[in-house]
Structure formats: C-alpha cells, structure tokens
Novice: 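Structure incoming, see below.
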Amino acid sequence: MQLSDSYNPSDFEEKWYAHWENKGYFHSEPDEREAFSVVIPPPNVTGVLHMGHMLNNTIQDILVRKARLDGKNACWVPGTDHASIATEAKVVRLLREKGIKKSDLTREEFLAHAWEWKDKYGGIILQQLKKLGASADWERTAFTMDEVRSDGVTKVFVDLYNKGKLYRKLRMVNWDPEAKTVLSNEEVLYKDEHSKLYYIKYQIEDSDEYLEVATKRPETIMGDTAVAVNPKDERYQHLKGKRVLVPLIGRSVPIIFDDYVDIEFGTGALKVTPAHDPNDYEIGQRHDLEVIATINEDGTLNEKAQLHIGEDRFKARKLVSKDLEEAGLMLKIEDYQSSIGRSERTNAVVEPMLSLQWYVDMPSIAKPALDAVMSDTVQFFPEKFKNTYRHWMENIRDWCISRQLWWGHRIPAWFYNDEVFVAESVEEALEQAKEKLNNPNLTLDDLKQDEDVLDTWFSSWLWPITVFDGFNSKEEIDYYYPTSVLVTGWDIIFLWVARMIMAGYEWKNELPFKHVYFTGMVRDQKRRKMSKSLGNSPDALKLIEEFGADGVRFGMLSCSPAGGDLLFDDKLCLQGKNFCNKMWNATKLIKGWEIDESLTTPIGNFEAAQWFESRKNQVLVEVQANMSEYRLSEALITIYSFIWNDFFSSFLEYIKPEYQKPIDKYSVEKAISFYSEICTILHPFMPFITEELWHVLQERKEGEDCMMSRYPKVGDMDQSLLADFDMLKDATAKIRDVRNKNQLKPKDPLKVQAKESDETLKFLERRGAVDLLKKMAFLESFELTNDDPEDTVSFISGKSAFHVFVEKEINIEEELEKAKADLKHQEGFVTGVEKKLSNERFVNNAPAAVVEKEHKKLADGKARIEQLKTLIAKLSNL
RNA sequence: GAGGCAUUAGCUCAGUUGGUUUAGAGCACUACCUUGACAGGGUAGGGGUCACUGGUUCGAGUCCAGUAUGCCUCACCA
C-alpha cells in the first residue's frame, strides 16, 4: 500500500470502519474462548452524540478492542432506550407543529406516530458512534421497547408483584406538571434558588387577634386545612382549641399542635396544606385533616382554590400575594434561598401531589446488591463511589415506577371495578379474575388495563440480562453474563447502576458486571458542565471532521481520570492529530529508506534493537498495570511517550542512515516489526491510523489486520543494557547542552573523554552504544581517561565526569558556579542518606534491600561529589 | 443538617497498599535550530519548601488528628 504525502484522516477512517464491519470483526458468538462482554449504557433514542457519549464510548471501545487483541471473545452490545418522557414530549411537539393535538388522538394513533418517528430518526446516535470507531456488535443492536426487552419487563413486573415486592399505593409524589406525569425521587434534581418568604396574617376566629404564618407558597393557602405550632411554644399556649380563618377565602381551620414545627423558624407557625406538601400531608394524617387539592395536573389552580381558577401556580402566587397586600394581610416579604426540585427531563418545578401509583419495595431487594459492592464482588473504579452507593442503598426508598404517559411499557395490570389482576397477558388476567371473583362469565371486555406505562429505568435495569435474552434462553446469557465491565457516568449511579445490580441478584442471583468504571463529567475550561443551554458543548461530529476520530479519541482520553472531571479543550484533540501526523511522517521515513542487502548491520543498530526490545517490555508491563486498574489516561500517555521518545526520537535516530545512503536489511526489518507491534499496542486507543499504518508498513495477507492481531507478550528486560542506554541518552543530551551553551554548531565534531569508573568501563564495552553516542552527539572521538583534562567543559552523567573539548574560550565563572550549585545539591543529598544510615533503628528495621539501596545511593553520591570537587579545583586553578 | 472528595510547577493532572539517586507528565514559557520523514517539527533549558499545624514512623507528597479553602452527594424548616 502507498502512503500519501500528508496525514489526512478522512482519507481512510471510513474505509477501515467499513472493512472491519464487512469482515464481521465486530460480531461475537459464544465459543470456547473466554468471553469479554460489555453492554452499552443505552443512549436516549432521541439523542444525538455529545461529548459525554464520546468519552464513554471511546472508553468502552478501548477496553473491547484491547480484549479482542488479547485473544478474548469480545462482545460489545449496542442499543438505545426509549426515553419515555423525552420521546413523548418530542413527538407531542412535532405533532403540534403539524396541527395535531395529542388529546385528539387515541392511544393507538399516538403510538403509531411515535413509532414512525422512532423508526425514522431514532438511533442516529448509533450511526454517529461508528464515526468514532466503536467496534460494537451491531447485529445485536437492542432497543428497550423491542419484543425481547419488553417481554422481560412484563415478566419482571409480574414476578415482583407475585412475590409481594411490588404494590400500588396512594402517596405524595413528585409531579411534573409539564410532562404531566409522576417522577421517581431520583428524577428530581434539587438546587438552591432565589425565592421569597411571605409573612401572612391569619385572623383568629371570633377574635381580633392574628396569627402570623410564614410561607414560600402563598398560592396554596386556599388548600390550607390547619395552622400548626409547636406544643412547647410559649407564645401560642393560649391558642389551644382555637381556630383561624384562612385569608381571602375565610375558611375556618383548627390550630393544631405538632412537634414537627420548628419554634425558631419564621414565626413558629406553619400553615398546613396536606394536598401540596409532603410534610403537611404527614401532619394531616396525624391530625386527621381534610385534604383539599387546589392544583391541577398541569400546574393551574382548580375550582377548589376558589380564586384565580385556571391560572398557573406561579402567576397565581403573584396574584394571591397582591390580594393579600390589598387585604392588609401581608406583613412582609423577605428574600429567601431555598432548595427547589425540578424535573430532570423537563426542568419544570416539581409539584408535590397526592396520587395513586405503583411502587417497587426496594428494601426487600437491596441487600445482596449492597453486599456485592461493599465486598468488591462488584468492583467500583474509582473506589470512592462505594461510599455514595452505600449511603443510598442503606437509606433506600421505594421506587415509583408508573408514569402517566403512553410511550413506554404499558403496565400489565387489569382492573375489574376495584380488583386488580397482574399477569403477563390479558387472558391470564381474565383467568385470575374469573377464579377470584368466582364469575366464569367475565370476558376480556370486562377488564380494563392500567392506562399508565413504566419508568424507562424499569426496562434499563434489566439491560445486562435482556440484551442476552436472559429471561427466555440460556445459551447466550450463560456465556456472556456476568458482563466484564460497565462504563458509565457517576451521575446515574442510583438511577441505573444500583438498580442493575439489584436486578442482577433478584433474577440471575448473580452480579450483572464485575467492574464498574465511572467516567468523569466532561466540562469546559471554566469547569461548567457541558450543556445545550449554555452552548458550550462542541459539536462532536465537527470535532471528528476537524481532528479525525483518532485525534478526538486521544484528546478525550489524555485528560480523563476515572471519576474526575474532564476539562475538555480542543487543543488536546490537536495534540492527538499532531501525534498521528508524527506517526505518518515516521512511516514515510522508514518506507523511504533504500535497502542494500550487502550491507552488514552496524553493531550500534543491533544493540539499539536489543535495547528497544527491552524497553518495549518495560512499557508493556506498565501499560498492562495501568489498563488493569482502568488508568487509561496514564496508559495512553505511557504509550504516547514510548512511541514518540523511544521509538521515533531514539530508535529511529539510532539506526537512521546518513542522508541519501542506503540501510541494511536487518535494521529496516526490525524497524518495521517494532512499528507493527506499536500499532497493535496503540490500536485500542487510536484504531484508524494504526490500521492504516499497519498496512502501509508491509504487505499483509487477507485478513491479517491490525485490529485482529495479537497484543505483544511481555519478554525479558536486560537491565544492564537499559542502564547503558540511559547513559547514552543522558550523555548525548548533556553534550548537546554544552554545544547550545557554547554556541557550537550541532555538527561540529567534538572530542569527549569520560573519567574511568566501573560504569564508564562497562559502557565502553558496549561498543554499539559507544558508536551511537558518537553518532548522536557528533563526536570525533570518545575515550576513557584517568586525567582531569583542562580546557574542557565538564558534566556528570551517572556518577562519572565527562569532559568535552571545546576549542573556545570557556566561561570559567559560569562553569564554576554551575559546579558549585551541583555540589551543594549533591552534598545535601548525601547528608540526607548518611543521616538515614547512621540511624541504627533504620539499619535494623528497614528491609535489607532498602538499606542496600541507601548504601548505593550514598556511594554514588559520594562519587559524584568527588568528581565535582576535582572539577571545581581544576576550574579554580585556571 | 449528615456524609464524602479534593488541595502537588503558570494551567490540567499522575504519583499504584510509606523506601528507585532528596517530586513526574502534557500544555504553556525561554534560548537555539529551517533546503535532510516531520515548523502540525527538532535540540536543550527554566519552573514546585507537595494548602497549613501537629502527630505516628528508622523513613511521610503518601498514614492519623486538627485548621483553612474549594467541590460534590444525600436529606431538609414553612
């Protein structure tokens, strides 16, 4: 394959993705290999790709591709969820634009529209994931509302009901007046917002006295059915048995005494509106108060409010406030900060309402799930989320799962008058009804199915089971379950992660995944969460267009510690793209070399290859350690600097022939085989460029693709060789520095002598490394000496002095100063070590290896000091 | 109100169960380098008393306690 002149990702990214897909590389079937399975956190079917998805799916792809390269049977199941509220809202809006009102449609008609929309636009996000390189098994694409997944939902609902872990109850709920549905606690987001505290006078019945009450919500006073004070409150003892009149409407309500009331807060008197406040409702229950609901499902006041009927609750607040002022009943209005709950999906202020809903008894299923995480059976990365998880699980509350919507799984419960029958089908429900009611004449028409659907999460929590058809067949679920790792954001730890673990234990009696990797939240440079409304989120597809998928993947990953925030910056993608460009050019260099088979391999090249092999093994160990702890960012940086520094800057420079001279065959073959291994090592992170270069580097057989290659195994590391090459690198850098500081040309040949020592003697024996030092530092000679030559610029490498003969006036002052500073540093170092070693308790208590290391540090330090002192003496005499 | 997490170079972060030549990386910065794979580049360099105060230990960026600052989660008083 030919290489074009410059790196241009759009030239080949689509080509390779199509190639992989056509070859069926993404598809997995159970076999005898070890399985590595991952289920995608199903994105909302209405969604489009944003930065969070990019990060999350890049990470999954890295893990899956790595597992594949390790020879595992990798299976990444993609799919979407039906996003009840969001999708229904979207479809309602689209219909409205066409002039169709939802209320004019039957349920069936509406659902037909919704499905039409879903089939046409749903799942765009999955197509977008392909641009990112996601190696998901598209043949397995699942949807929470398809047949298999729906079937699981029904089975689970019926099962929980039969086990007595699911029930229907009248309760104060979180109502979303915009979506006109109830929400679970987890779908309500609380934030401090500015509001006002209104101080209102309630006249005491048959008296001129007033009782002052503070409230945030004057528009609810028409629903008041009592005013409460604390029984210990001295101020109100005389009001026992008295009643007050609700302002504006004049209803007479009792003054009640309840411990709940805080004497310190406000006026110490609380208006009680049982229909519209959870705490008031409980007080109402205790005191047997009337419940007067004054607010409609859509947040407007109803006729029970008597005033401002039909007005929205916020407008009504202003109107009632004005009424009160006009009536002289408003004492004062204070600014006030308080926590306001809003719907996660619609952002509407949640209205507490009394409503009959279905609930799952969570405490009854939570324990195994809590234990699994606390014992690390299910392991969290990072670990700190165990705390959050435990806290929630130990205080878990029942889960409200019904929703007043049409788009979703309809609740499998049928009513006959007040009797309810829960079954997998209406026929079964009918059988139950006939038996229970002892009425064989009942027909299907007599039963009326619950109108509501289930919370979307009630299908998502089964995802790791249902994507493998785990409620119906054994083959796949036994092979792929439990899945290997779940990659998701910590923001849905309760909404999704905890519930999946509970479902896993409830129905599979087993964990759903072994590891959970919590990604960070993608934020902008000002640490703001990226959001549509702020407009601070870059267009994901445009980014890919600009930097290439590999560049974007690099950018996302190079700054994403697990669980921490990710401060996204375009520049990181640019760095990724530049890295690709560098790899491209290095390939051009290698492919441009002319091979002369008659040339013998220089010993330097030979040793360089041996060194690189050892260095590679070091890196592999490091990468493996990082990957196994999900330190992906570090793994990538390790690989990045290995490629750039060790392979390009060192190895290729070591073996590079002189300009326009040919190279020996061995060196090129080594370069190509190393580069191929590098492609495999980097492939999980940057799949496209590595596949492209893999094929450019050498002709490959059909099916011999980088994506399906094998990850290199860790081999031996020659520590002595590595040490010699460290000296080579260090000495080269320092000689170059001498050139820089003395304005010597990079290629003026220099003479260098090193003081004879055990390490320099050893280095000299490494003939190839010596050759390379001469080559890299442009030396005309390098030899050992026992003298301390004059007229040289000197430095210390390791513990040995190196002398560079510069044919130039030396700035003695500067050299002396530098040497003295270095000496001071070294002396401080040695003093520290000596102190340690003179401490008997250290020598006696520390492990032998540590003590020995300290001895070596001391000896090396002393050797350096000696060299420096000699150098200083020499300079001082000049 | 309860709990959690953080504080390391100008910025963003590593520092893997306390011991690897008295703290690392990327970006940013400085100097020099441009007809040679690559200026989307090369070569080298400067920059940190690891928030503060005590303690444990032979040894602390790493463990403990307290202080300060910041962030987050949960539960909430109208």
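These numbers were taken from a predicted model, which means no experiment stands behind them. In the text below, chain A, chain B and the rest are named by the order of the sequence lines, each starting its count at 1.
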Novice: Quick one: salt bridge (charged side-chain N to carboxylate O under 4.0 Å, His left out) pairs with a partner in residues 650-662 of chain A, sequence neighbours left out?
Specialist: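 Pairs touching residues 650-662 of chain A that pass the test: A:E653-A:K656, A:E658-A:K661.
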Novice: Counting the atoms with a prime plus P, OP1 and OP2 as sugar-phosphate, which does A:W593 contact under 4.0 Å by heavy atoms, base, sugar-phosphate, or nothing?
Specialist: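 No contact at all - A:W593 keeps every heavy atom at 4.0 Å or more from the nucleic acid.
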Novice: Using atom names, set out every protein N or O paired with an N or O of nucleotides 1-3 of chain B below 3.5 Å, distance rounded to 0.1 Å.
Specialist:
none

Novice: For A:D860, what residues pass the side chain to side chain contact (heavy atoms under 4.5 Å, CB included) criterion, not counting sequence neighbours?
Specialist: A:K799, A:K856, A:R864
Novice: Report which part of the nucleic acid A:E653 touches: base, sugar-phosphate, or nothing (heavy-atom distance under 4.0 Å, all strands).
Specialist: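 Touches a base.
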Novice: Using side chain to side chain contact (heavy atoms under 4.5 Å, CB included) as the criterion, list what pairs up with A:S649, not counting sequence neighbours.
Specialist: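 Only A:W644 meet the side chain to side chain contact (heavy atoms under 4.5 Å, CB included) criterion with A:S649.
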Novice: Hey, does A:E629 reach any base, or is it just sugar-phosphate, or nothing, if we go heavy atoms under 4.0 Å?
Specialist: nothing
Novice: With sugar-phosphate meaning primed atoms plus P, OP1 and OP2, does A:K856 contact a base, only sugar-phosphate, or nothing at under 4.0 Å between heavy atoms?
Specialist: base
Novice: NA contact type, A:K577, heavy-atom cut-off 4.0 Å: base, sugar-phosphate, or nothing?
Specialist: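 Base contact.
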Novice: Test of understanding: with side chain to side chain contact (heavy atoms under 4.5 Å, CB included), list the residues that count as partners of A:S4, not counting sequence neighbours.
Specialist: A:D11, A:W584
Novice: Looking at B:C74, I'd like to know if its phosphate oxygens (OP1 or OP2) sit under 4.0 Å from a side-chain N or O belonging to A:R390.
Specialist: no
Novice: Between A:F554 and A:Y640, what is the ring plane arrangement, given parallel below 30°, perpendicular above 60°, and tilted in between?
Specialist: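 It falls in the tilted class, 30° to 60°.
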Novice: Could you tell me how far B:U62 sits from B:G46 if I compare only their P atoms? Round to whole Å.
Specialist: 27 Å
Novice: Roughly, in whole Å, what's the span from CG in A:N585 to C1' in B:G41?
Specialist: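 Value for this atom pair: 9 Å.
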Novice: What interatomic distance, in whole Å, is found between C1' of B:G41 and the corresponding atom of B:U53?
Specialist: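 One C1' to the other, the span is 49 Å.
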Novice: Mind checking what makes side chain to side chain contact (heavy atoms under 4.5 Å, CB included) contact with A:E545, not counting sequence neighbours?
Specialist: none
Novice: When all nucleic acid strands are considered with a 4.0 Å heavy-atom cut-off, which category describes A:F547: base, sugar-phosphate, or nothing?
Specialist: nothing
Novice: What distance, rounded to whole Å, do you find between the two C1' atoms, one in B:G18 and one in B:C64?
Specialist: 13 Å
Novice: So A:F380 and A:Y389, would you call those rings parallel, tilted or perpendicular, with 30° and 60° as cut-offs?
Specialist: perpendicular
Novice: State which residues pass salt bridge (charged side-chain N to carboxylate O under 4.0 Å, His left out) with A:K386; sequence neighbours excluded, sorted by chain then number.
Specialist: A:D376, A:E383
Novice: With sequence neighbours left out, what residues match A:K577 under salt bridge (charged side-chain N to carboxylate O under 4.0 Å, His left out)?
Specialist: none
Novice: Could you tell me the separation between the CG atom of A:N581 and the P atom of B:G41, rounded to a whole number of Å?
Specialist: 8 Å
Novice: Contact class for A:I637 vs. all strands (heavy atom < 4.0 Å): base, sugar-phosphate, or nothing?
Specialist: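 Sugar-phosphate: the residue A:I637, judged by heavy atoms under 4.0 Å, touches backbone atoms but no base.
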Novice: With a 4.0 Å cut-off on heavy atoms, is A:V833 in touch with a base, just the backbone sugar-phosphate, or nothing at all?
Specialist: nothing
Novice: Considering just the side-chain nitrogens and oxygens of A:N839, establish if one lies under 4.0 Å of OP1 or OP2 belonging to B:C58.
Specialist: no
Novice: Check every strand shown and say whether A:G828 touches a base, only sugar-phosphate, or nothing at a heavy-atom separation below 4.0 Å.
Specialist: base
Novice: Looking across every strand, which nucleic acid part, if any, lies under 4.0 Å from A:T215 by heavy atom: base, sugar-phosphate, or nothing?
Specialist: sugar-phosphate
Novice: Let me know the distance between CZ of A:F829 and P of B:U20, rounded to the nearest Å.
Specialist: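 Atom-to-atom, A:F829 to B:U20, this comes out as 10 Å.
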Novice: Please tabulate, one pair per line, each protein N/O and nucleotide N/O from nucleotides 29-34 of chain B that are separated by under 3.5 Å, including the distance.
Specialist:
none

Novice: Figure out the CZ/P separation between A:F554 and B:G40, and round it to whole Å.
Specialist: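 Distance, rounded to whole Å: 18 Å.
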Novice: Under 4.0 Å: is that the gap between some side-chain N or O of A:K216 and OP1 or OP2 of B:A78?
Specialist: yes
Novice: Excluding sequence neighbours, so at least two apart, what forms salt bridge (charged side-chain N to carboxylate O under 4.0 Å, His left out) with A:K582?
Specialist: none
Novice: Contact class for A:R397 (heavy atom, under 4.0 Å): base, sugar-phosphate, or nothing?
Specialist: sugar-phosphate
Novice: What pairs with A:E344 under salt bridge (charged side-chain N to carboxylate O under 4.0 Å, His left out), at least two apart in sequence or on another chain?
Specialist: none
Novice: Using OP1 and OP2 only, check whether a side-chain N or O of A:Y7 sits under 4.0 Å from B:C38.
Specialist: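 Answer no for this pair, as no side-chain N or O of A:Y7 is under 4.0 Å from OP1 or OP2.
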Novice: Could you summarise the pairing of RNA chain B as dot-bracket text, marking Watson-Crick and G-U pairs under 3.5 Å with ( ) or [ ] inside the strand and | across strands?
Specialist: (((((((..((((.....[....)))).(((((.......))))).....(((((..]....))))))))))))....
